[in-house]
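Accompanying notes for the structure given below.
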2 protein chains.
Amino acid sequence: MKLTTRGRYAVTAMLDLAIHGDTQPITLADISQRQEISLSYLEQLFSKLRREDLVRSIRGPGGGYQLARGFETIFVAQIIDAVDESIDATNCQGRGDCNHGEVCLTHHLWQDLSDQIHGFLSGISLEDLVKRGGFRASSYMAGIVDAQPLTIRDQ
Amino acid sequence: MKLTTRGRYAVTAMLDLAIHGDTQPITLADISQRQEISLSYLEQLFSKLRREDLVRSIRGPGGGYQLARGFETIFVAQIIDAVDESIDATNCQGRGDCNHGEVCLTHHLWQDLSDQIHGFLSGISLEDLVKRGGFRASSYMAGIVDAQPLTIRDQ
DNA sequence: GTAATACCCGACTAGTTTAGTCAAGAATTA
DNA sequence: TAATTCTTGACTAAACTAGTCGGGTATTAC
């Protein structure tokens, strides 16, 4: 799990799509204007989002992008994973030989933290983001923790 | 909150210090050898750790570094904050004018996520890391969630 | 006092990533 | 057939990472 501005751009753009794209396809030019993200950069991002089947594209006049499925089934973690190729939180690519052939001191800490963040963002859907007024995460965060206990997930 | 290998190095080094430095000061050369981190790079990191009063330095032969206080009062979040100057998770540096003078769509999401991660890591002390066999984070994470409810913190 | 030890500090750097730009092309509709 | 919109790939400036290098300064032991 990697968290950069690229992931933020992608989630913002997908959220724009979820808000405005319920009926007709939305052009990247529209998203670019509304969200102040460069068009060419959006093209790069949507290329990846399409490959991951998060959006559908329609060419030609009247075309644009649509969510590939219902916004209640698209989660923040999926969007971020699609555009931010996830680096290993660990140093040894999970081999466990980071320190003289042994597991390094903090290996598990980073692995688990990474899983935690991923689990957290896997619980927030575009629907959640659309429906909460002002898009504050605080309110549903409590709910998420109740709903899915913080155990370690196998990514 | 920013999570890079620099933060990982710093936590690893501090953990080494917590494990080996209970009686005499530990030299960076020792840590460098044990943890396979370049000496010069460690010097940079410890310069920051010292400025944040997480370690004490003793010069001259027999000198080295010690934890500045008990390992039960030093938390992972503090270490990472000391070496990874925290970038804003938001795009507008908290001004809230990220989109045409208004708050951007995902502003709060990132702010809250950042706070969440920070909260997690603020609950893990060096003592926790030293005492758990194998340093697995999973076990005490559940405890942390019980202990400090996931409300939004003012950083 | 002088040599060795160890921290201290700033300048520099190769490589990678980020956040783009630019140009050409392909599909679709009017 | 022209306009629209997605599609793709090559390129790039700036920033960041993970270091190296070279010279300090404080302290201790002899």
Side-chain angles (χ1 to χ4, degrees), chain A residues 1-13 17 20-21 24-33 35-68 80 83-89 91 98, chain B residues 2-13 17 20-21 24-33 35-68 80 83-89 91 98 104:
Chain A
M1 198 84 219
K2 190 168 147 193
L3 297 170
T4 68
T5 53
R6 179 155 68 238
R8 187 162 67 234
Y9 281 150
V11 174
T12 303
L17 211 53
H20 297 99
Q24 77 284 63
I26 301 297
T27 69
L28 292 188
D30 283 351
I31 300 178
S32 170
Q33 270 209 321
Q35 306 305 330
E36 294 186 318
I37 305 172
S38 109
L39 178 60
S40 302
Y41 202 43
L42 276 177
E43 285 174 346
Q44 277 181 47
L45 296 180
F46 273 76
S47 158
K48 295 183 176 190
L49 293 172
R50 196 171 59 89
R51 255 174 252 148
E52 296 294 319
D53 267 321
L54 293 172
V55 296
R56 232 193 330 261
S57 65
I58 296 152
R59 290 192 184 194
Y65 282 96
Q66 288 177 318
L67 297 183
I80 292 178
V83 299
D84 273 334
E85 43 281 335
S86 76
I87 46 160
D88 246 305
N91 214 359
C98 10
Chain B
K2 190 169 149 192
L3 298 169
T4 70
T5 52
R6 179 156 68 238
R8 187 162 67 233
Y9 281 150
V11 174
T12 303
L17 210 55
H20 297 99
Q24 77 283 63
I26 301 295
T27 68
L28 292 189
D30 284 351
I31 299 178
S32 170
Q33 271 209 320
Q35 306 304 331
E36 295 187 316
I37 306 171
S38 107
L39 178 60
S40 302
Y41 201 43
L42 276 177
E43 285 176 346
Q44 276 181 47
L45 297 180
F46 272 76
S47 157
K48 294 183 178 189
L49 293 172
R50 196 173 56 91
R51 259 174 248 146
E52 296 295 318
D53 267 321
L54 293 171
V55 297
R56 233 195 329 262
S57 66
I58 296 150
R59 291 196 183 192
Y65 283 95
Q66 286 176 318
L67 296 182
I80 292 178
V83 299
D84 273 334
E85 43 282 334
S86 75
I87 45 159
D88 246 304
N91 214 359
C98 6
C104 66

From the options D:dT17, C:dA4, C:dC8, select the nucleotide whose nearest atom is closest to the side chain of B:Pro61.
C:dA4
Under 4.0 Å between a side-chain N or O of B:Thr27 and OP1 or OP2 of C:dC7?
no
Shortest non-hydrogen separation from A:Lys48 to A:Val83 and the atoms involved:
NZ-O, 3.6 Å
Between B:Arg8 and B:Thr12: side-chain donor-acceptor atoms closer than 3.5 Å:
no
Establish, with yes or no, whether the OP1 or OP2 oxygen of C:dC9 is under 4.0 angstrom from a side-chain nitrogen or oxygen of B:Arg50.
yes
Write down the distance between NZ (A:Lys48) and P (D:dG9), rounded to a whole number of angstrom.
12 Å
With heavy atoms under 4.0 Å as the rule, sort B:Tyr65 into base, sugar-phosphate or nothing.
sugar-phosphate
Contact class for A:Ile26 vs. all strands (heavy atom < 4.0 Å): base, sugar-phosphate, or nothing?
sugar-phosphate
Give the nucleotide from the list C:dC8, C:dA11, D:dC6 with an atom nearest to the side chain of B:Gln44.
C:dA11
With no angle test and no hydrogens, is the base of D:dT25 tied to the side chain of B:Arg59 by a donor-acceptor pair under 3.5 Å?
yes
On the nucleotide C:dG20, are OP1 or OP2 found under 4.0 Å from the side-chain N or O atoms that A:Tyr9 carries?
yes
Which sits closer to the 5' end of DNA chain D, A:Ser40 or B:Ser40, going by the nucleotide each is nearest to?
A:Ser40
A:Leu39 CG to C:dC22 C1', in whole Å, measures 12 Å
Is it the case that the side chain of A:Ser57 and the backbone of A:Tyr65 share a donor-acceptor pair, with hydrogens and angles ignored and the cut-off at 3.5 Å?
no
Judged by nearest nucleotide, the residue sitting upstream toward the 5' end of DNA chain C, B:Ser47 or A:Ile37, is B:Ser47
